Amino acid sequence: MQFKNPELLWALSLLLIPLIIHLFQLRRFKKTRFTNVKLLKKVVSESRRSSTLKKWLLLFARLSLIAALVLAFAQPFLANESALTKKENVIYVDNSFSMQLKKDGASLLENAVQDLIKHLPADERFSLFTNDRTFKNVTLRDIQNDLLTLSTGQNQLDFQEISLKGNTLFSNDRTTDKNLIIISDFQQDMFGTTLDSIHIGQRNLVQLSASEYTNISIDTAYLDTENIGQPTLITQLSSDNIVENTPVSLYNGDNLIAKTSASFDEENTAKVYFTLPDNKSIKGKIQIADTGLLYDNYLYFMIDEREKIRVLSVGPEDHQYLGKIYRDDEFIFSTYRLDNLNYGDLTDQNLIILNGLRKIPTSLATSLRSFTDDGNSITIIPSNEIDLNSYNLLVSNYFSTSIGEHVVADRNITNIAFSHPLYRNVFEKSVSNFQYPKVSDYYTVNSSALAALSFENGMPFLLGNDGFFLFSAPLFDENSSFRNSPLIVPTFYNMARQSLQLPQLYNVLGQNFTIDVPVTLGKDQILKVKKDTYEYIPRQQSRTKKVSLFFEEGLDTDGIYVIEEDQNPIKYIALNFPRKESKLVYQELERIPAALKTTSISSLFETIEKNNTVSELWKWFVILALLFMIIEILIQKYL
């Protein structure tokens, strides 16, 4: 038992007053003699015993009355130690897409907001944050309207980020109890390889659960590259549970152009095929009707007239194998001998291949340096006899590269850098048992550039990145079998594709990507990205024949966007949300370290309120004092 006014307990010393009165009688008695005192002795004896009992009862009643009154004014109470400490509460509300699942007809996020509004004290100060918003040191009245307008989004803080951010919202006062309340469905993606994270005071977890865990997702869409005729769009879907056939609709803008049904296999995945109109621009949208998560019921894509990439090959070597790779439907491929080359044509190209030159003229090296500075790409294939000085004059400008001695020896090309930008997403898995291409002679190369292909002795066969690529060996058939290798097509194809970053079928929000728009801007002109009334200006770099747009952050809505110059549409791009939250896999609360774990916000606040309850006892002591007063009156009257 504790007291609000312990200083008043000194008044218990007043208990000495009735003790003095009752134990030390100040009244003096006078003796009177009687002739026959036999009867009187009996009466006196009985009266003295009754008087003594009455005195002790009165003493007890008065002592108890005074003690009860003193304790009542000292205001005693019962409480846990934590209930007496000032509290700081920080609340995290998960508003990621996974909170779109429904319970009792409303989404998990809507239920969480309503429960918070219902159970949070109106005048109590706290801090609250979501994946994209923060409210520090506020009351419920301050942010009630903001809470009611919370919406789900693509951002998802992981568990450690939640702990770190929560820590920044607490004060530096060490005398307060700091409580972090995490309200989420706790999807598996919130956690890394370990569940250990920063502990902040007392951590309380509320895991919200939906009525049903069924979700159908449009995972991806891509064009069938094996179909040479009319283009075919392949759409891939997945489900968390066994479902029946699901209708899938294809729109061009607002017009429905096709509809089919997806049949799921034993692994709960499905593919549907749409035949698209040939040579027609499509602002596409694939749509399904699903009551689970809503954000993955749509997938936008854009098919437009593709800008052809310009590739120029310079040199005496055979260009036929390059012509087979750079087909007319995607590229504008041209070849020149060095003595017929017009330097003025270089600026119109995206990729220039120096194919077997014995010597690189200084004027050409200077032009190529300006060419790559403008965001374009070059690929250098040496001859079997080269002028090292002229080659090094050019290659030294890129990654501190230098070409050394000529080595005549058979070497197999055995090492593929699967993570190199040229081969990223080319192979489904790492390959180690393919037929190695080989060379008969090569040049040693020193460079800080990434090696894409290497010989068995570790020396690079192909190196470079960011607009510069260098082969260390000639590629004519007498020296190398690389032309006959399956690697030649993705190698040269991706060199050209990276020289001009054309829009993909769609891009994913939250992932950095670059798009090159083949347009020449004036000094103060910029390109804007728009959708309806929303306008966004990405970071951009203006070059001679193109403008590079860098999409890093800022966009948070999926759909079809238009790239404009002075309100004139130039190009359209499609953006979609990542699908990482479509898999309904959750973490078990038992594995997460926390002080309190529950499945409802109401039970959490009831427990917190119970732990912080202070039981005041002063009223009982006032009642007790009145009771002893009544007892004293009854003793005086009837005893």
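Just so we're clear, the structure is a prediction, and the values are computed from it rather than from any experiment.
- A donor-acceptor pair shorter than 3.5 Å cannot be found between the side chains of Asn268 and Asn241.
- Applying the ring pair (Phe, Tyr, Trp, His ring centres under 6.0 Å) rule to pairs touching residues 491-514 yields Phe331-Tyr493, Phe471-Phe492, Phe513-Phe551, sequence neighbours excluded.
- Ring geometry for Tyr423 against His420 counts as tilted: the plane angle lies between 30° and 60°, on a 0 to 90° scale.
- Partners of Phe455 according to the ring-ring contact (aromatic ring centres under 6.0 Å, His included) rule, which considers only residues two or more places apart in sequence or in another chain, are Tyr442, Phe461.
- Among pairs with a residue in residues 260-295, those fulfilling ring pair (Phe, Tyr, Trp, His ring centres under 6.0 Å) read Phe97-Tyr295, at least two apart in sequence or across chains.
- Remark: Gln187 engages Ser98, Asp185, Glu581, Leu584, Tyr586 in a side-chain contact (heavy atoms from CB on, under 4.5 Å) (not counting sequence neighbours).
- Under the salt bridge (Lys or Arg N to Asp or Glu O under 4.0 Å) criterion, Glu552 pairs with Arg539, sequence neighbours left out.
- Listed by chain and residue number, Lys530, Glu564, Pro569, Tyr572 satisfy the side-chain contact (heavy atoms from CB on, under 4.5 Å) test with Val562 (two or more places apart in sequence, or in another chain).
- A donor and an acceptor atom, one from each side chain of Asn576 and Asp558, are nowhere located under 3.5 Å apart.
- Among residues two or more places apart in sequence or in another chain, the side-chain contact (heavy atoms from CB on, under 4.5 Å) test is passed with Tyr534 by Tyr536, Leu555, Tyr561.
- The neighbour count for Asp265 CG, taken as heavy atoms of other residues, nucleotides or ligands under 6.0 Å away, is above 12.
- For Asn111, the side-chain contact (heavy atoms from CB on, under 4.5 Å) partners at least two apart in sequence or on another chain are Lys103, Ala106.
- For Arg424, the salt bridge (Lys or Arg N to Asp or Glu O under 4.0 Å) criterion is met by no residue, not counting sequence neighbours.
- Under 4.0 Å is where a charged nitrogen must lie from a carboxylate oxygen, and between Lys583 and Asp240 no such pair does.
- Under the salt bridge (Lys or Arg N to Asp or Glu O under 4.0 Å) criterion, Lys102 pairs with no residue, sequence neighbours left out.
- Here Ser480 pairs with nothing under the side chain to side chain donor-acceptor pair (under 3.5 Å) rule; sequence neighbours left out.
- Not a single salt bridge (Lys or Arg N to Asp or Glu O under 4.0 Å) links Lys271 to another residue, sequence neighbours left out.
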